[in-house]
Number of protein chains: 2
Amino acid sequence: MVDASDVARASDQGTPAYVHIAQTLEQRMTSGDYPAGSRLPSGSRLCIEFGVSPMTVRRALHMLEDRGLVIARQGQGTFARSFDLSDSLFRLDFRGGEWLDESADIRLLEASMTRADDNVAHRLEVEQGQMVVHLRRLVSYDGDPAMSHTEYILYDPRRPLVEAQLQLTSLNAFLDSGGTHRFSRGFLHLTAVDLDNDSAELLQAAEGASALRLEHVFQDTDGTPVSWGWFLLRAELFRLSARLGSL
Amino acid sequence: MVDASDVARASDQGTPAYVHIAQTLEQRMTSGDYPAGSRLPSGSRLCIEFGVSPMTVRRALHMLEDRGLVIARQGQGTFARSFDLSDSLFRLDFRGGEWLDESADIRLLEASMTRADDNVAHRLEVEQGQMVVHLRRLVSYDGDPAMSHTEYILYDPRRPLVEAQLQLTSLNAFLDSGGTHRFSRGFLHLTAVDLDNDSAELLQAAEGASALRLEHVFQDTDGTPVSWGWFLLRAELFRLSARLGSL
DNA sequence: TAGTGGTCTAGACCACTTA
DNA sequence: AAGTGGTCTAGACCACTAG
């Protein structure tokens, strides 16, 4: 019989048992003890080996599964996966500061009602020609244009939420951590593009200069698309970064 | 007294209790019941409200914390965070197929020993002028160039690991799921760039065309940089995507 | 049927913060 | 001192997969 305080001391310093187990298993995978595709010892065996309860082993395996290092198949076992670069999780950074601080200046360039063209209608899942709200913004830092934002927002007269949605989809709402609204669902796509004439001028960059294009669809809680749009981010100012490996 | 089978039935269908709890809490955050910055009910209160044990509540909170929707501060409480786009986790997709399948062709364009210049020396944390391995590869799909890869690998005569490292950092090792080796540590940075003359020609794109530049540093288990390099990905073929919100 | 992963309990002790 | 999150136990039952 072991009690909690014994176990806490068991690994060595203050590192939790589940972290220690996960690290040990990861090390065995990278060192070749558990080659990619091979089956790891079962939960019960790991309990015995590490002298911990099932819950603790499960949490360690859960960590590895979240990070994609391992895949568990019910009734079969837990298997080592090889690392796949395409599974890396990137985080979008703004170089040289926070996304939105006091030096950020958001200018609303356009706010109008227009009829949805083919593209807009498709993304917002409405009929072509339906009225939608069209917004265009420019975000500058210290007077330097850094990104533009073009957005089309659903306008449904039967549920007059435009006011709330305008706020919902305002830059502040998802760039500023202090906002009260947030999105419940949606997706993002990020690609590299050449700036067209118009955007290049707006961002004070050369025509054809590279930019990151971050496209978004934000959905209502029921899955209805509410907003479609994209940011154009000056390439020198933004990047995505990811860390590989242990913690 | 409730036993496990009662609880499993409690939520409704087969959804685990911790998922149900996490979803409920997320809904309350988006609906404004728990505004950004506010404190969520404590673990013990949630146990009472949902009629589950502490471990189950903790797992639900853990999920929300992993997704960045919530931040837990020991001794204070768990607080709702507003969603921050910059925290989105992107996944790199290859449009139109798998990263590496039978149609992929990897050509080694260059493999030589060179002296580390300023840049290389800095990234690999060696002295300028030290010998390093220089590799350059081109990956094509169905005969179409899709990405190039330039890489500098540490060459330390005192520990002759070059052979193993070559394999470690080979394309197969991190693009092909069947490999046995994997990286233990490192980081990635992704930006948009204009292709220079050389790269444009190699990728059969126009000079100045946009591309994604995926820079990497792979480290040994002890943190020593082993490989520095970058991929240039034709912009039309790759993108990053992320899903927001619930599952 | 035996073994696997997946979930859950009803407690416990610890480290930490606030008052 | 009271309340918080963080960790852990020693069992349990379930769903699934295999032989």
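Values reported hereafter were calculated over all heavy atoms of this structure, with side chains retained and with hydrogens, waters and symmetry mates removed. Quick note on labels: first sequence line is chain A, next is B, and so on, each numbered from 1.
For T78(B) and dG5(D), the shortest distance from a side-chain N or O to OP1 or OP2 is below 4.0 Å.
Checked against dG5(C), dT9(C), dT7(C), the side chain of T56(B) finds its nearest nucleotide in dT9(C). Closest to the side chain of Q74(B), out of dA10(D), dC16(C), dT4(C), is dC16(C). The side chain of Q76(B) lies closest to dT18(C), out of dG11(D), dT18(C), dT9(C). Distances from the side chain of A72(B) to the nucleotides dG5(D), dG11(D), dT9(C) place dG5(D) closest. Among dT7(C), dT4(C), dT7(D), the nucleotide with an atom closest to any side-chain atom of Y18(A) is dT7(D). The side chain of R59(B) sits closest to dT7(C) out of dT7(C), dG5(C), dC8(D).
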query = How is the base pairing of DNA chain D summarised as a dot-bracket string, given the Watson-Crick and G-U wobble criteria with both distances under 3.5 Å, [ ] for crossing and | for another strand?
reply = ||||||||||||||||||.

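Residues L46(A) and L25(A) are in side-chain contact: their nearest non-hydrogen atoms beyond the backbone lie under 4.5 Å apart.
One distance of note links NE2 of H189(A) with CZ of R239(B); it measures 4.0 Å at 0.5 Å rounding.
A salt bridge links E49(A) with R28(A); the closest basic N to acidic carboxylate O contact falls under 4.0 Å.
For the pair S53(B) and R39(A), both in contact range of DNA chain C, the more 5′-proximal nearest nucleotide belongs to R39(A). Each of L40(B) and M55(B) has a nearest nucleotide on DNA chain D; the 5'-most of these lies closest to L40(B). The residue among H62(B) and G75(A) whose nearest nucleotide of DNA chain D is located toward the 5' end is H62(B).
Sorted by first and then second residue, the pairs that involve residues 37-46 of chain B and meet side chain to side chain donor-acceptor pair (under 3.5 Å), not counting sequence neighbours, are S42(B)-S44(B).
Ring geometry, Y152(B) versus W228(B): the interplanar angle falls under 30°, so the pair is classed parallel (tilted spans 30 to 60°).
Partner of F231(A) under the side chain to side chain contact (heavy atoms under 4.5 Å, CB included) criterion, chosen from E151(A), H216(A), R213(A): H216(A).
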